[in-house]
Protein chains: 2
Amino acid sequence: MKTDLRISKTKDALRGALMHLLKQKGLNSISVTELCQLAKVNRGTFYAHYGQVENLFEEYFKTIMKDLADSYQEPYKHVRNLLSKDVNPATIRIFHHIEKYETFYRIVFSKTVPLSYYYLLFDHIQTLIRDDVSEHYLDRLDIDISMVSAYQANAILGLAIEWHRQDFKQSAEDMNRLLVRILSI
Amino acid sequence: MKTDLRISKTKDALRGALMHLLKQKGLNSISVTELCQLAKVNRGTFYAHYGQVENLFEEYFKTIMKDLADSYQEPYKHVRNLLSKDVNPATIRIFHHIEKYETFYRIVFSKTVPLSYYYLLFDHIQTLIRDDVSEHYLDRLDIDISMVSAYQANAILGLAIEWHRQDFKQSAEDMNRLLVRILSI
DNA sequence: AATTTTATTGTACACTTGTTCATTAAATAT
DNA sequence: ATATTTAATGAACAAGTGTACAATAAAATT
């Protein structure tokens with residue numbers, strides 16, 4: 001059973017309007033009313049699908065996260081030679097992913113956005129890292145794998161935050177090199 | 001010139017009401033109206049001091065950050081013996097600080113809160129670490145100190161996030177030991 | 001092509017928000 | 001103690017929020 005044409009039409013219009021407005025103002029200052037006016041969708045229809053503007057954004061977020069997961073599957077080319085044995089390829093993929101969706105991540109890392117978006121990203125990276133970590137620490141049953149992966153995942157995100165602060169002036173390639181250097185110290 | 005008694009009276013009432021409501025619901029679902037009703041303060045008065053509920057919370061936040069800065073100055077007793085040469089005492093202080101203000105940090109780490117609070121905490125820890133890092137990397141002028149400190153600061157916060165997720169079941173002491181173990185691997 | 005199902009619309013409602021301003025009351029200064 | 005300054009109040013405003021429901025229109029099904 002495929003989704004009703006009217007529904008996807010409405011959702012496309014709302015997503016388009018949101019993307020348009022996000023280039024002008026922050027997520028929290030976009031009202032349901034103006035969003036619906038721009039999308040030419042009835043306000044009641046919006047509430048039938050989403051409870052608040054954030055929910056609409058989150059739906060978009062999931063498609064981006066999907067891409068991150070997919071990019072993890074992709075074969076590695078240009079960075080493999082950089083990698084030391086301590087670097088998880090998954091972690092190093094993140095910077096290219098952020099670069100690709102820069103406009104989007106400018107929102108995700110903006111101050112006014114709820115912490116939940118950061119957590120969604122964190123979760124994703126933590127999961128990617130966890131598999132690698134649990135292999136590496138197979139012999140040490142005494143240490144909490146969740147803690148180790150949380151530590152490593154968030155360290156990477158620390159670099160991403162600083163990258164955002166410096167207005168993404170470095171290239172993703174630069175960030176990869178930086179990460180390798182930090183890990184090798 | 002000291003602050004007007006009426007102002008501090010109003011602010012105390014508002015802060016008290018906020019703390020009371022935060023035990024029941026999330027920050028974002030507290031309306032200005034209900035806050036003022038509980039505090040017995042006119043809604044117009046609220047807006048004279050704060051633009052939104054978040055601003056009131058941020059005022060409280062700053063007093064907590066002050067405590068974190070102060071605790072950094074305190075002489076070290078019970079953890080010094082644990083420290084390897086690679087561990088910055090500042091970083092290891094953070095877990096005791098979070099434990100002390102657990103109620104508060106349950107809010108700071110909750111999903112619905114704006115990312116700006118996380119950044120305030122991040123900034124603070126990054127600054128504390130930066131001094132230590134710049135000493136350590138004095139010879140390596142090619143590496144961005146902000147990046148290294150962002151990496152390390154956020155790694156610690158990753159542990160704090162995971163700690164929060166596990167409902168703070170470990171003691172601050174446990175977290176310190178864990179950090180030392182991770183760093184020594 | 002006709003029928004059934006279901007999404008969208010328009011309208012209405014009570015409520016919250018953010019702002020303004022004259023009035024009142026409380027604190028500070030004389 | 002009185003005068004002056006300044007904060008708090010109450011009322012009113014336009015606009016947004018969230019919800020409900022009957023009427024309509026557009027899909028899906030037969």
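Sequence lines set the chain letters: A, B, ... in the order given, protein chains first and strands last, and positions in each chain run from 1.
Both A:Y101 and A:I161 belong to a common hydrophobic cluster when Ile, Leu, Val, Met, Phe, Trp and Tyr are linked at side-chain heavy-atom distances under 4.5 angstrom.
Taking a cutoff of 4.0 Å between a charged side-chain nitrogen and a carboxylate oxygen, A:K169 and A:D174 do not qualify as a salt bridge. Comment: B:E34 engages B:K25 in a salt bridge, judged by a side-chain N to carboxylate O separation of less than 4.0 angstrom.
Shown for residues 13-32 of chain B: residues whose heavy atoms fall under 4.0 angstrom of DNA chain C, namely B:S31, B:V32.
Considering only side-chain N and O atoms, A:T45 lies under 4.0 angstrom from the phosphate OP1 or OP2 of C:dT9. Under 4.0 angstrom from either OP1 or OP2 of D:dA8 there lies at least one side-chain N or O belonging to B:T10. At the phosphate of C:dT8, OP1 or OP2 sits under 4.0 Å from a side-chain N or O atom of A:H49.
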Residue pair A:R6, A:D4: steps toward the salt bridge (charged side-chain N to carboxylate O under 4.0 Å, His left out) verdict = CA-CA 5 Å; A:R6 290 169 292 185; A:D4 197 303; 3.0 Å; yes
Give the intermediate values and the outcome of ring-ring contact (aromatic ring centres under 6.0 Å, His included) for residues A:Y117 and A:Y105.
-> CA-CA 10 Å; A:Y117 301 155; A:Y105 280 102; over 10 Å; no
Tell me, with the steps shown, if A:Q152 and A:I156 meet side chain to side chain contact (heavy atoms under 4.5 Å, CB included).
-> CA-CA 6 Å; A:Q152 291 190 0; A:I156 307 289; 5.7 Å; no
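Note: A:F109 and A:H164 have tilted aromatic rings, judged against thresholds of 30 and 60 degrees for the angle between ring planes.
B:Y50 places its OH atom 16 Å from the P atom of C:dT19, with the value rounded to the nearest Å. B:N55 places its CG atom 13 Å from the C1' atom of C:dG18, with the value rounded to the nearest Å. With rounding to whole Å, B:E34 atom CD is found 17 Å from C:dG18 atom C1'. Nucleotide C:dT20 holds its C1' atom 17 Å from the CZ atom of B:F46, rounded to whole Å.
Atom OG1 in A:T112 sits 7.0 Å away from atom CG in A:L27 (nearest 0.5 Å).
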Sugar-phosphate or base contact per nucleotide [nucleotides 19-30 of chain D; S, B, -; heavy atom under 4.0 Å] | B-----BBSS--
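Distance from the side chain of A:V41 is smallest to C:dT9 among C:dT8, C:dT9, D:dG16.
Remark: the A:N154 side chain and the A:Y118 side chain contain an N/O donor-acceptor pair separated by less than 3.5 Å.
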